[in-house]
> 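Supplied in structure tokens, the structure appears directly below.
Counting begins at 1 with the first residue of the sequence.
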Amino acid sequence: TFNTTFNTIVFGEGNPSARLMFIGEAPGATEDQTGRPFVGDAGALLDKMILAMGTRREDVYIANVLKTRPPGNATPTPEQAELCAPYLYDQIIAVRPTVIVALGMPAARQILQTESTMASLRGIWATWRHPAPQTSYAPTVAAEFVADVMPTYHPAFLLKSYTPENRAKVWADLKKAAERLGLKPRA
């Protein structure tokens with residue numbers, strides 16, 4: 001186990017049958033207070049990204065690897081992510097998205113079970129399968145379900161490093177996800 005101080009479990013929100021699922025790292029201070037994922041500054045940017053992709057926040061599902069704010073609002077450690085993984089994996093199985101956008105390294109590493117860098121992962125389609133379907137609440141469904149994964153930079157990274165180059169990389173990734181779903185992203 002790991003020590004944490006939090007006010008609220010932030011499980012996730014959105015359309016429970018969404019074709020598009022965004023997975024981030026962990027709740028921040030605002031999320032911890034409201035019980036909703038991505039409602040701070042990074043959430044405002046994510047909302048703009050979702051609209052630019054040709055859909056609405058209400059039509060997607062948004063979750064995090066960790067369901068509670070980590071101590072000191074630190075980046076989730078691999079150990080913390082692994083402890084929370086069963087909840088995330090069963091959440092993915094429950095929603096059954098066609099496409100998962102992994103926002104940031106902790107999400108990409110946990111979903112893809114990799115140690116690769118974001119620079120080498122982003123923009124390249126990957127596949128998610130439940131790594132241990134027999135532990136799922138629905139083992140048959142978990143064993144058969146597959147989702148396409150598009151890793152990209154976290155909106156908080158963009159807020160800190162908002163360069164035309166970084167913005168173009170994330171937009172290229174999001175356009176690929178939108179097009180895979182048949183959405184009409186803005187030009």
Side-chain angles (χ1 to χ4, degrees), residues 10 12-31 34 36-66 70 73-76 81 88 91-92 95-129 145-187:
V10 183
E13 74 174 19
N15 181 342
S17 299
R19 294 176 55 228
L20 175 58
M21 184 173 189
F22 290 89
I23 300 174
E25 300 175 2
T30 306
E31 291 80 4
T34 64
R36 297 183 60 216
F38 281 92
V39 293
D41 292 340
L45 182 54
L46 180 61
D47 287 348
K48 290 177 185 176
M49 295 168 158
I50 291 169
L51 286 171
M53 291 175 75
T55 191
R56 303 172 310 152
R57 185 177 175 114
E58 302 83 51
D59 296 327
V60 304
Y61 196 87
I62 302 171
N64 283 302
V65 174
L66 270 58
N73 205 36
T75 299
L88 175 64
Q91 192 172 25
I92 294 168
V95 174
R96 298 178 61 86
T98 303
V99 171
I100 297 170
V101 175
L103 298 168
M105 275 313 310
R109 284 188 171 153
Q110 188 61 48
I111 293 166
L112 300 177
Q113 296 292 295
T114 183
E115 291 298 317
S116 297
T117 64
M118 183 55 77
S120 67
L121 293 172
R122 63 143 295 275
I124 300 170
W125 284 108
T127 302
W128 180 83
R129 293 184 195 297
F145 180 73
V146 176
D148 294 330
V149 179
M150 177 54 62
T152 195
Y153 295 112
H154 194 285
F157 169 80
L158 281 183
L159 291 173
K160 292 176 192 162
S161 303
Y162 201 72
T163 65
E165 180 184 6
N166 287 339
R167 187 173 170 223
K169 287 177 182 177
V170 172
W171 180 234
D173 301 343
L174 296 178
K175 278 178 42 179
K176 287 179 184 179
E179 290 164 358
R180 173 105 4 143
L181 293 166
L183 300 172
K184 303 212 183 312
R186 295 181 190 161

> Among residues at least two apart in sequence or on other chains, which ones pass side-chain contact (heavy atoms from CB on, under 4.5 Å) with E58?
R56
> Quick one: CD1 on I111 to CZ on R129, what's the gap to the nearest 0.5 Å?
15.0 Å
> For the atom pair CZ (R122) and CD1 (I124), what is the distance rounded to the nearest 0.5 Å?
8.0 Å
> Is D148 reaching over with its side chain to a backbone N or O of V99, donor-acceptor style, under 3.5 angstrom?
no
> Within this structure, what is the CG-CG distance for the pair L183 and L174, rounded to the nearest 0.5 Å?
11.0 Å
> Let's go through F22 and I50 carefully: what are the C-alpha distance in whole Å and the side-chain angles of both, what is the deciding distance for side-chain contact (heavy atoms from CB on, under 4.5 Å) to 0.1 Å, and is it a yes or a no?
CA-CA 10 Å; F22 290 89; I50 291 169; 3.7 Å; yes
> With side-chain contact (heavy atoms from CB on, under 4.5 Å) as the criterion, how do L46 and F38 come out once you've worked through the C-alpha distance, each side chain's angles and the decisive distance to 0.1 Å?
CA-CA 7 Å; L46 180 61; F38 281 92; 3.7 Å; yes
> Applying side-chain contact (heavy atoms from CB on, under 4.5 Å), run through M21 and I92 and close with a yes or a no.
CA-CA 8 Å; M21 184 173 189; I92 294 168; 4.0 Å; yes
> About how many Å separate CZ of R109 and CE of M118, when rounded to the nearest 0.5 Å?
8.5 Å
> Determine the minimum heavy-atom distance between W125 and K176, stating which atoms define it.
CZ2-O, 3.4 Å
> For D41, is the CG atom crowded, meaning more than 12 foreign heavy atoms sit under 6.0 Å from it?
no
> Taking only residues two or more places apart in sequence or in another chain, which ones pass side-chain contact (heavy atoms from CB on, under 4.5 Å) with R19?
T98, L181
> Walk me through whether S116 and T114 qualify under side-chain hydrogen bond (donor to acceptor under 3.5 Å, both in side chains).
CA-CA 6 Å; S116 297; T114 183; 3.0 Å; yes
> Please tabulate, one pair per line, all N/O donor-acceptor pairs under 3.5 Å involving side-chain atoms of residues 152-160, not counting sequence neighbours.
{"unit_1": "T152", "atom_1": "OG1", "unit_2": "D173", "atom_2": "OD2", "d": "2.6"}
{"unit_1": "H154", "atom_1": "ND1", "unit_2": "A156", "atom_2": "N", "d": "2.9"}

> Salt bridge check, E179 against K175: does any charged N sit closer than 4.0 Å to a carboxylate O?
no
> Has E31 got a side-chain atom pairing as donor or acceptor with G40's backbone, closer than 3.5 angstrom?
yes
> In Å and rounded to the nearest 0.5 Å, what is the CD1 to CG distance from I100 to L112?
8.5 Å
> Which value, rounded to the nearest 0.5 Å, describes the distance between M53 atom CE and R186 atom CZ?
12.0 Å
> Do any N or O atoms from the side chain of N64 and from the backbone of L66 form a donor-acceptor pair under 3.5 angstrom?
no
> Between R57 and E13 (salt bridge meaning N to carboxylate O under 4.0 Å), is one present in this structure?
yes
> Are the side chains of L103 and E25 in touch, meaning some heavy atoms are under 4.5 Å apart?
no
